[in-house]
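Letters A, B, ... are given to chains in the order of the sequence lines, protein chains preceding strands, and every chain is numbered from 1. Excluded from the calculations below are hydrogen atoms, water molecules and symmetry mates; all remaining heavy atoms, backbone and side chain alike, are included.
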Amino acid sequence: MKLDSKIPAGKLSDKWQQFKSEVPLVAPNNKRRIDVIVVGTGLAGASAAATLGELGYNVKAFTFHDSPRRAHSIAAQGGINAAKNYQNDGDSVYRLFYDTIKGGDYRSREANVHRLAEVSTQIIDQCVAQGVPFAREYGGLLENRSFGGVQVSRTFYAKGQTGQQLLIGAYQALSRQISLGTVTMYNRHEMVDLVVIDGKARGIIARNLLTGKLERFGAHCVVLGTGGYGNVFYLSTNAMGSNVSAAWRTVRRGALMANPCFTQIHPTCIPQSGEYQSKLTLMSESLRNDGRVWVPKKIEDAKAIQQGKKTALDIAEEDRDYYLERRYPAFGNLVPRDVASRAAKVECDKGLGVSPTGLAVFLDFSAAIERYGKSEAHSKGMENVSKEQIMAMGTKVVEAKYGNLFEMYEKISGENPYKFPMKIYPAVHYTMGGLWVDYNLETNIPGLFATGEANFSDHGANRLGASALMQGLADGYFVLPYTIGTFLSKEIRTPKVDTNSPEFAAVEAEAKKRIDGLINVKGSQSVESFHRRLGKIMWDYCGMSRSAEGLLKGRQMIRSLREEFYKDVFVPGTSDEFNPELEKAYRVADFMELGELMMLDALNRNESCGGHFREEYQTPEGEALRDDANYTYVAAWEWDDQEPILHKEELVYEEVELKTRSYK
Amino acid sequence: MKLTLKIWRQKNNKSQGKFETYQVEANEHMSFLEMMDVLNEQLIAEKKEPVAFEHDCREGICGTCSMDINGRPHGPMQGTTTCQVHMRVFKDGDTITIEPFRSTVFPVIKDLVVDRAALDRIIQAGGYISVNTGQAVDGNAIPIEKDEAMKAFDAAACIGCGACVSACPNGSAMLFTSAKVSHLGILPQGKVESSRRVLNMVAQMDKEGFGMCSNIGACSAECPKEISLDNIARLNREYFKASLASEKA
Amino acid sequence: MGWLANFLTSSLGRKLLMSLTGLFLILFLVVHLIGNLQLLKGDEGQSFNEYTQFMTHNPLIKFISYGNYFFILLHAVLGIYITVKNRKSKGVKGAVSNRAESVSWASKNMALLGILIFAFLMLHMGDFWLKMKLNQTEWIDYGNGEIKNLYKVVYASYSNWLIVGAYLVGLLALSYHLWHGFASAFQTLGLHHKKYTPIIEFLGKAFAIIVPLMFAILPLYYKLVITAA
């Protein structure tokens, strides 16, 4: 299969403008006759559905949630990037483009990333117009902050709830289209399969989660905005319901999965506290602006802390190892996510971890509290202040900056982070890989599009902070509504898709068989227990560091787990009722196949880049070693139950020179 | 810690529900929902039907979790969703009563799962700013005073969980509706259509059958995002203005 | 006029009527109290009887009093309607009642308190107003012609522990009703302000204590001091 990325000709900075002026349009009278299915109503899905509705298409939108306001986009805390240069600090579209390419460790497509940077400014305008209450300065203008170690302040935010506010904006736009009748909303409907007719995506089979009934929906094309697959690790910062099934079902129908091994592990999460743990909670990256990361130097101190005999306060300054500051003097605690995460793992692997499980490092604010306290005392003209007073004043400053995060930490961990340093550990957070799409966001199945985290295109091997929201909204509001015309302009003569066709019947029957099959296993182990075991295998062998040996072993383990699953899983209830356990079961079944593909992809990529770290490929100092000569390509996988097939899309860099990332 | 749980079990909307009692062994570091997971694992191991409850993000922001714990939506902690309640607030030997959000407008789907679609329909009636993609002016074209922007944010922090309705002895959705009317009505870009918005949203709220507000304040006391009662006053004001002073009907 | 009907039958329109009638009745309480305080003058009821004569014969006041009856009824009928409607909206009540600290008992029991107050009003009207209207009172002349001696009726009632007790219960209910109702009326009108709302809340609570207390002083004073002497 030849992968055609369909990147328009011309200068990088002109491509998108040129494309927009030349893309074929669909006349308003024809739009009314064209049906579009949008699956998923997070940022990427809701924004696409609303915008397509505004344009006049007949949209059917689907979510497995009870309301389109619940998607996990809502949990993003930090912010959204845009090259507005409101702060006059030298930002530009090119700089945002360059930072994203570099941050992605040169494994993303130039043209897509440049387009993303271009439309970023429009996103902010649009969201403000929708009523998103971004943070403002006293003068009433929008405030920005610097985020994720970049050199400019280009991040827009709404307290620690940017994702929520942006999603509500999209949800409101979608609600408006629902009330106008251009969008029909199907809540509590989960896509369980894709219907392909004559090689084109023409509809989906969705399961009505309330009744369990399989329903057929036809359309001229299908858009997936179904998010990422981080829950393959069981423990991640994703929501409990986040899953890969919609995307994976299209892979089973011939779509390609690109770079599935590229997963982002976020360094500042609250560590796991026990076996019962269901998910991990992220603490905003902004904490690293003031927190210092350390572990004890001596292994006996670490042991004592693990056993609860000592606390962080018992460790003298000279016995602490501020390893990020030691290893990366230039960036210190602000190194990118992948680097910080790996460094934490290295220390914990040495036995220096600081929680009962040995899997945590300290994030310490005492230096910041003291610094702020002193500066407060100075600004108030106080002299001869005691240490306690300084610390009290500093605590106030830190509280004003991070109060809600500290509160959240205390609620979850039960420990006062003003007194004791926080304990943090990396956790799976985002998946850069996803469905392979061309410049038009169209997969290799004509008429099947993917937006947001569900596609692979913009973040390469590592995503920069505050870029996920940007990409989701860029795709949905400003990219897809144009690029979808390349396909739909040729479909104006296609009549309404008949869901009584044999193709629909066949796919529905297959889906039914698959789902009933799970109920009928009637084994003895719960779905949850399989998911937990799958997650453990993924984390151990395809997590923060990977080796050929481990990946081969991991793949075998998943295969045998899969066999065991189909022999011994127990799903209570029936398939024709509201049955959350059954939903979990078919999602986990898909995760197991995906997990295997991730192992394979990681094994194929004999280099270390971004979130993918292969132990065999590192410098003597333990830094990632990229192999540009052999791996500057997108690995797009065609599923095969025995041996998935690799297709390569070479990445051509015309504008940017490939360099080694260094944070020393 | 050993706990006794009295949980509302109801097969579906048509059947009668009743309380069932369960024993569960939890530990204090668990979140409330993880304790429920433990119970469900236990039930599945006994080949019994697990308790259906809704949840998703488990970090207090998606608004999916919906249950009354000892008579209080989202449990005993102020400004906290069920998923963020940790078991250390309970004591060994406690009996905990867990039931679904209570309102005629939120019919029970199964066990602790209720249907809150009425809240979506209130938003669809006017909880938006009518602006198409691409129509926007520059983000900095309209300055908004910092405190006003914060006020709008505080109202916009509503997660649409419906706790206010369950907390209200009247089953009123005024806090929910007023949060959206305030959020959009405070901002200059939303003021343009505020009369139309408030009239339509209140009409929809009434049509759904929610109760009438008598300023009890239980909604705000139980709101996991601590949405203020000021918003209800603002809604009243906006509604009277739109009904009596504007020429809209 | 469809808009007016729509407005008055909307949930917020009904609440507006509750609030306005409630505020009117609060004003009425003040006027009523001023009259009652004449009983403390120690002039064997002369000022009180003269005041009664004025209140029952001034045409403007007569007109207002019909408004007053109407507002009492409207407030009561609407209150019952709202309560029934709200019960229906709530449906199944939770098995455990909510005990959020910031929620006052009064706010959750306005209907119960209202019914108690209404029952008290019936007793009160039967005791004085009806007797007066049916000319069951004696006459007295202070030099300006004969007027009804309502003082005598009051004196008789306040010497009876049963009636005094009923008054005290009624006034307690009124106090609780005002405890929530006073500030709530302003909130319903949409009058909420960071600076002034705390003042209104304070005034409301002071009013809820002071006014019923002053009403209560009379029967107690008469029972324990005047009629006992």
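Within 6.0 Å of CZ in B/F19 there are more than 12 heavy atoms belonging to other residues, nucleotides or ligands.
Contacts with chain B were tallied for C/K108, C/K194, C/R87; C/K108 has the most, counting heavy-atom pairs under 4.5 Å. Between chain C and the residues B/G217, B/P76, B/A203, B/C168, the largest count of heavy-atom pairs under 4.5 Å involves B/C168. Counting heavy-atom pairs closer than 4.5 Å to chain B, the top residue among C/S19, C/G91, C/S184 is C/S184. In terms of non-hydrogen atom pairs under 4.5 Å with chain C, the most contact-rich of B/N215, B/V165, B/I232 is B/N215. Of the listed residues (C/S10, C/A106, C/G2, C/S102), the greatest number of heavy-atom pairs within a distance under 4.5 Å of chain B belongs to C/S10. Among the candidates B/D68, B/V105, B/L229, the residue making the largest number of heavy-atom pairs closer than 4.5 Å to chain C is B/L229. Of the listed residues (B/S243, B/A233, B/G209, B/G211), the greatest number of heavy-atom pairs within a distance under 4.5 Å of chain C belongs to B/A233. Across C/A95, C/A183, C/G181, the residue that shares the most heavy-atom pairs under 4.5 angstrom with chain B is C/A95. Looking only at heavy-atom pairs under 4.5 Å with chain C, the residue among B/R234, B/E238, B/E222 that has the most is B/E222. Taking B/S166, B/A221, B/S103 one by one and counting their heavy-atom pairs under 4.5 Å with chain C, the maximum is reached by B/S103.
Side-chain contact of B/S178 with B/N231: a donor-acceptor pair under 3.5 Å is absent, judged by distance alone. Side-chain N/O atoms of C/N86 and B/S172 include no donor and acceptor closer than 3.5 Å. Looking only at atom types and distance, the side chain of C/H192 has a donor-acceptor partner in the side chain of C/Q187 under 3.5 Å away. C/S104 and C/H180 are not linked by any side-chain donor-acceptor pair at a separation below 3.5 angstrom, with hydrogens and angles left out of the test. A donor-acceptor contact closer than 3.5 angstrom links the side chains of B/S214 and B/N170.
Looking at B/L199, there are no atoms closer than 4.5 Å to chain C (heavy atoms on both sides), in backbone or side chain. Within the 4.5 angstrom heavy-atom criterion, only side-chain atoms of B/D206, from C-beta onward, approach chain C. Heavy atoms of C/K88 lying under 4.5 Å from chain B belong exclusively to its backbone. Neither the backbone nor the side chain of B/F101 comes within contact range of chain C; no heavy atoms are under 4.5 Å apart. Of the atoms belonging to B/R102, heavy atoms from both backbone and side chain fall under 4.5 Å from chain C. Only the side chain of B/T97 comes within less than 4.5 Å of a heavy atom in chain C; its backbone stays farther off. With a 4.5 angstrom heavy-atom cutoff, B/P73 touches chain C only via side-chain atoms. Both the backbone and the side chain of B/A167 come within contact range of chain C, judged by heavy atoms closer than 4.5 Å. For chain B, the nearby parts of C/T188 are the backbone and the side chain; heavy atoms of each come within less than 4.5 Å.
The structure places NZ of C/K15 at 10.5 Å from CG of C/L189, a figure rounded to the nearest 0.5 Å. Note: C/S89 OG to B/E208 CD = 11.0 Å, rounded to the nearest 0.5 Å.
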- Please assess B/E54 against B/T64 for the test side-chain hydrogen bond (donor to acceptor under 3.5 Å, both in side chains), listing each intermediate value before the final yes or no. CA-CA 6 Å; B/E54 275 194 297; B/T64 310; over 6 Å; no
- Message: Working note: C/F24 + C/H75, criterion ring-ring contact (aromatic ring centres under 6.0 Å, His included); need CA distance, chi angles, decisive distance, verdict.
- Response: CA-CA 10 Å; C/F24 180 85; C/H75 195 80; over 10 Å; no
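Using a cut-off of 4.0 Å between Lys/Arg side-chain N and Asp/Glu carboxylate O, B/D147 and B/K151 are scored as not salt-bridged.
At distances below 3.5 Å, not a single donor-acceptor pair connects side-chain atoms of C/K90 with backbone N or O atoms of B/P169.
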